[in-house]
Protein chains: 2
Amino acid sequence: MMFSKACEYAIRAAIFLSANSGDGVLVGISDISSEIGAPKHFTAKILQVLTRKRLVSSQKGVNGGFYLDAVQKGRPVIDIVIAIDGDNIFKGCGLGLRECSEKEPCPLHHKFLAVRSGLTQLLTESTIGSLAHSLESGSSFLKKS
Amino acid sequence: MMFSKACEYAIRAAIFLSANSGDGVLVGISDISSEIGAPKHFTAKILQVLTRKRLVSSQKGVNGGFYLDAVQKGRPVIDIVIAIDGDNIFKGCGLGLRECSEKEPCPLHHKFLAVRSGLTQLLTESTIGSLAHSLESGSSFLKKS
DNA sequence: ATACTTAAAGACCTTTTTATCCTTTAACGA
DNA sequence: TCGTTAAAGGATAAAAAGGTCTTTAAGTAT
């Protein structure tokens with residue numbers, strides 16, 4: 001809708017991991033991908049990126065898997081978005097004009113700014129952990145995509 | 001940033017046409033594409049779609065070209081966006097969840113709604129003509145992409 | 001009429017995104 | 001230390017988006 005598929009998967013995976021890992025509990029890709037309804041190998045790729053960027057932790061070998069530590073659960077969702085999709089959504093002109101700026105704004109410039117800052121704010125003030133927490137009450141909203 | 005390239009080109013083309021056509025004045029694709037800084041043939045394809053959907057008017061043959069009539073200049077920008085990108089930006093879950101709804105909302109559901117309605121509103125209350133008008137004052141912001 | 005200009009249409013190519021597979025690497029347990 | 005297990009990583013494939021080119025046909029001026 002607004003993010004790439006990869007980014008949606010990433011957010012869902014992070015939320016799922018926040019709710020279901022930690023304190024020595026790890027989760028494998030098969031579990032993650034089936035729970036968030038994303039293709040297994042694609043999910044693996046995405047988790048790889050997030051792991052490399054230290055937004056997710058991983059453990060190889062027997063009983064290995066992925067998990068989030070306390071710090072990672074406290075990260076804002078916007079970190080995930082930027083790690084996967086970059087920050088193009090948050091900067092640049094809505095009409096794709098290079099020349100557009102405060103000094104020479106395109107006709108929609110200021111209105112776009114408002115929408116965008118709303119988006120930035122919501123993604124910044126929502127942490128992975130807080131989102132995971134808000135679904136604790138049995139509502140397994142992540143099941144089936 | 002938020003729209004596809006095709007959609008950005010479409011909006012720019014519409015604004016340009018609104019400012020530079022009408023009352024028997026037509027503009028050819030070469031002029032349009034160079035003024036809005038978009039690939040010529042790709043622009044032609046996009047204009048074709050807009051024409052078929054009656055958001056833009058065209059005239060074949062000698063001295064032919066594209067133009068907007070009064071009604072078309074009064075159309076809200078959202079019509080262009082929907083014609084090219086569809087309405088996926090305006091509906092559907094931000095996390096791509098099919099199950100997400102008012103009853104079983106995803107953790108970001110309500111916050112996304114606010115952002116989205118802001119976007120919808122801005123695109124609905126801005127008409128092609130009004131945007132074209134706001135750049136009348138010499139600022140050829142469309143030049144060069 | 002007809003010749004010329006220009007949009008319409010559609011075939012085609014390239015790049016990016018999405019998705020899959022397979023090999024390598026590392027961790028751990030026995 | 002050896003074997004199992006799971007992530008890391010590279011290589012490939014399919015689909016969608018972005019972009020180019022050629023042909024067709026409509027309209028207009030002459």
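Throughout, a chain's letter reflects where its sequence line sits, starting with A, and its residues are numbered from 1. Source: prediction; values computed, not measured.
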statement: Value for CG (B:D31) from CD1 (B:I36), rounded to nearest 0.5 Å, stands at 11.5 Å
message: Nearest heavy atom decides the nucleotide; on that basis, is B:A44 or A:K5 closer to the 5' end of DNA chain C?
response: B:A44
message: Tell me the closest heavy-atom pair linking A:P107 and B:L131, and the distance in Å.
response: CB-CD2, 3.5 Å
query: Is the side chain of B:D69 donor-acceptor paired with the backbone N or O of B:G22 at a distance under 3.5 Å, no angle test?
result: no
message: Is it the case that C:dA8 (base atoms only) and B:Q48 (side chain only) share a donor and an acceptor within less than 3.5 Å, ignoring hydrogens and angles?
response: no
- request: Figure out the CG/P separation between B:L17 and C:dA7, and round it to whole Å.
  value: 11 Å
Heavy-atom side-chain proximity of B:I15 to A:L95 below 4.5 angstrom: yes
statement: In whole angstroms, the gap separating C1' of C:dA7 from OH of B:Y67 amounts to 13 Å
message: Nearest 0.5 Å, please: how far is CG in B:L123 from CE in B:M2?
response: 9.0 Å
task: Calculate the interatomic distance between B:L47 atom CG and C:dT6 atom C1'; express it in whole Å.
output: 13 Å
message: If hydrophobic residues (ILVMFWY) are linked whenever their side-chain heavy atoms come closer than 4.5 Å, directly or via other members, who joins B:L26 in its cluster?
response: B:Y67
statement: The ring-ring contact (aromatic ring centres under 6.0 Å, His included) partners of A:F90 (sequence neighbours excluded) come to none
Each nucleotide N or O in nucleotides 21-24 of chain C that has a protein N or O under 3.5 Å away: list the pair and distance.
none

Minimum heavy-atom distance A:K111-B:S126, with the two atoms named: NZ-OG, 3.5 Å
Using distance only, find each side-chain donor-acceptor pair of residues 46-55 of chain B under 3.5 Å and give its atom names and separation, not counting sequence neighbours.
from, atom 1, to, atom 2, distance (Å)
B:T51, OG1, B:L47, O, 2.7
B:K53, NZ, B:A83, O, 3.4

- prompt: At under 4.0 Å between heavy atoms, what does A:I29 touch on the DNA or RNA strands: base, sugar-phosphate, or nothing?
  reply: sugar-phosphate
query: On DNA chain D, which is the earliest and which the latest nucleotide, 5' to 3', with an atom closer than 4.0 Å to a heavy atom of chain A?
result: D:dT4 to D:dA11
- prompt: What is the minimum heavy-atom distance between B:F42 and B:A6, and which atoms define it?
  reply: CZ-CB, 4.0 Å
field: Members of residues 55-66 of chain B that approach DNA chain D, where some heavy atom sits under 4.0 Å away
entry: B:Q59, B:K60, B:G61, B:V62
task: Could you tell me the separation between the CZ atom of B:F42 and the P atom of C:dT15, rounded to a whole number of Å?
output: 15 Å
query: Can you tell me how far P of C:dA7 sits from CG of B:L50, to the nearest Å?
result: 15 Å
message: Is it true that A:T127 and A:S130 share a donor-acceptor pair across their side chains at a distance under 3.5 Å?
response: yes
